[in-house]
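Taking it in order: structure first as structure tokens, then the write-up.
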Amino acid sequence: MATTSSGVDKLYSDINADLIPYFMDAVLLPNQSIIRNTMSVAGTTGDTVKYPLTNSYTPAGDVAEGGSINAVSSDFTPTSVSIAAQKRGVATDVHEEALEDGGFDVVRSAVLNRLAGGLAEATDVAGLLVAGSGATLTDTGAGSTANTHTANLVMSPDAMGYMEKRQPGVKVWYNPNKDLHEFRGTVRNGFAALRGNFINVVTSNSTIGSADADLSSIAKAVAQLRGQNAPTDLVSGQYVSIIDPALEFDINSTLALAGGAAIGSLSDVGNRALLQGLIGQAAGVMFFRSNNLPDASQI
């Protein structure tokens, strides 16, 4: 049953208007710095898109005068990777008593956080799992396959593809039997690893203080990406690294002590990490922290 409460109508209107901005604030992966290949296909038919891929070229070779140039062949043979849309949904119920007792603004904030946060987390979990599972470069971290370890990532912005079939949206109806308003949020999107050789997994113990990967593991992953001629971000010239809090703690600790064995001998980058709690950029990557990375047993 559609709701007839003017208060709930206003609540629905506000939530529907704010859901996409809240979702974009909460989600990590639909970000041009992380995934350059993004496509919105809302309003079109079909549930699958194809991203074209070009094969590597062969460098020009020396050709003798009068010799055949055909001997140095670099044929263009494109392929493609398909991405299918996956529907993701989250539900939250609001009892009439919550509106009466909790207040409109409190309920609005709570519902928005639950819907936007739930859809954002589901999107990131799916995308990061695809990235970790699609990586083909050698793990430069602990080399673990245990669920006690996180599959941290170092990758090129060109490594992944993202498609959006439906933007985050919400619907609501009234359940008279339970005297509550049922909000349902959905989104349809999908991911694919376009080039596995542009993604490097760095496994590390997920317990804070017990990381068995470090900044040198990230630097080695960067070197492996450079060996593949993987493109960097066009603005910063950096790769992307998505890490969990345990590896972030270890890297922050390393940077804070850079240049000496005590806090009193901070480097400039270490000072920024200590004072601001930010890693920012180091070892050729832009760092992003996420709690939604898969564990090593999942990839």
Side-chain angles (χ1 to χ4, degrees), residues 28-29 31 33-37 56 124-161 191-233 236-259 267 269-270 273 278-299:
L28 175 65
L29 289 185
N31 179 327
S33 295
I34 300 176
I35 301 179
R36 191 147 43 213
N37 304 296
S56 300
D124 280 345
V125 166
L128 292 171
L129 179 58
V130 168
S133 300
T136 59
L137 296 179
T138 303
D139 179 2
T140 58
S144 175
T145 58
N147 61 9
T148 56
H149 284 61
T150 299
N152 302 281
L153 299 170
V154 179
M155 63 186 191
S156 163
D158 282 356
M160 295 282 291
F191 297 88
L194 303 182
R195 297 190 184 277
N197 63 327
F198 289 177
I199 308 173
N200 210 125
V201 169
V202 182
T203 57
S204 182
N205 194 301
S206 57
T207 301
I208 295 175
S210 300
D212 42 11
D214 53 25
L215 191 58
S216 66
S217 305
I218 301 294
K220 187 174 181 181
V222 168
Q224 292 196 155
L225 289 179
R226 296 199 194 283
Q228 299 293 315
N229 292 319
T232 61
D233 179 73
S236 68
Q238 308 282 312
Y239 292 118
V240 172
S241 182
I242 305 173
I243 59 176
D244 72 351
L247 186 52
E248 179 193 29
F249 174 79
D250 183 87
I251 292 174
N252 261 327
S253 300
T254 300
L255 294 178
L257 293 174
S267 66
V269 71
L278 298 174
I279 299 177
Q281 300 177 6
V285 300
M286 296 182 295
F287 285 99
F288 297 86
R289 179 185 63 252
S290 177
N291 291 331
N292 297 320
L293 286 158
D295 67 58
S297 71
Q298 295 178 278
I299 62 173

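Nothing fancy with the numbering, it's 1 onward along the sequence.
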Taking side-chain contact (heavy atoms from CB on, under 4.5 Å) as the test, write out the residues that go with [X], two or more places apart.
| X | value |
| --- | --- |
| Asn292 | Glu121, Asp124, Val125, Leu128, Ser290 |
| Ser133 | Leu129, Ile299 |
| Ser297 | Asn147, Asp295 |
| Asp158 | Arg36, Asn37, Ser156, Phe198, Pro231 |

Is there a donor-acceptor contact under 3.5 Å from the side chain of [X] to the main chain of [Y]?
| X | Y | answer |
| --- | --- | --- |
| Tyr239 | Ala221 | no |
| Asp212 | Asn205 | yes |
| Ser206 | Thr148 | yes |

To the nearest 0.5 Å, what is the distance between [atom1] ([X]) and [atom2] ([Y])?
| X | Y | atom1 | atom2 | answer |
| --- | --- | --- | --- | --- |
| Leu153 | Asn200 | CG | CG | 9.0 Å |
| Ser210 | Leu247 | OG | CG | 12.5 Å |
| Gln224 | Leu137 | CD | CG | 5.5 Å |
| Ile243 | Glu248 | CD1 | CD | 5.5 Å |
| Met286 | Ile34 | CE | CD1 | 7.5 Å |
| Thr136 | Asn197 | OG1 | CG | 5.0 Å |

Only counting residues at least two apart or in another chain, list the ones meeting side-chain hydrogen bond (donor to acceptor under 3.5 Å, both in side chains) with [X].
| X | answer |
| --- | --- |
| Thr203 | Asp139 |
| Asn152 | none |
| Ser204 | none |
| Thr138 | none |

Show the nearest heavy-atom pair for residues [X] and [Y], with the distance to one decimal.
| X | Y | value |
| --- | --- | --- |
| Pro157 | Ser33 | CG-O, 3.8 Å |
| Asp250 | Ala213 | OD2-O, 3.5 Å |
| Ala193 | Met160 | CA-SD, 3.9 Å |

Subject >> No-hydrogen, no-angle side-chain donor-acceptor test under 3.5 Å, Asp244 and Thr150 >> reply: yes
Subject >> Reference residue Ile242; test side chain to side chain contact (heavy atoms under 4.5 Å, CB included); the match among Val154, Leu29, Val202 >> reply: Leu29
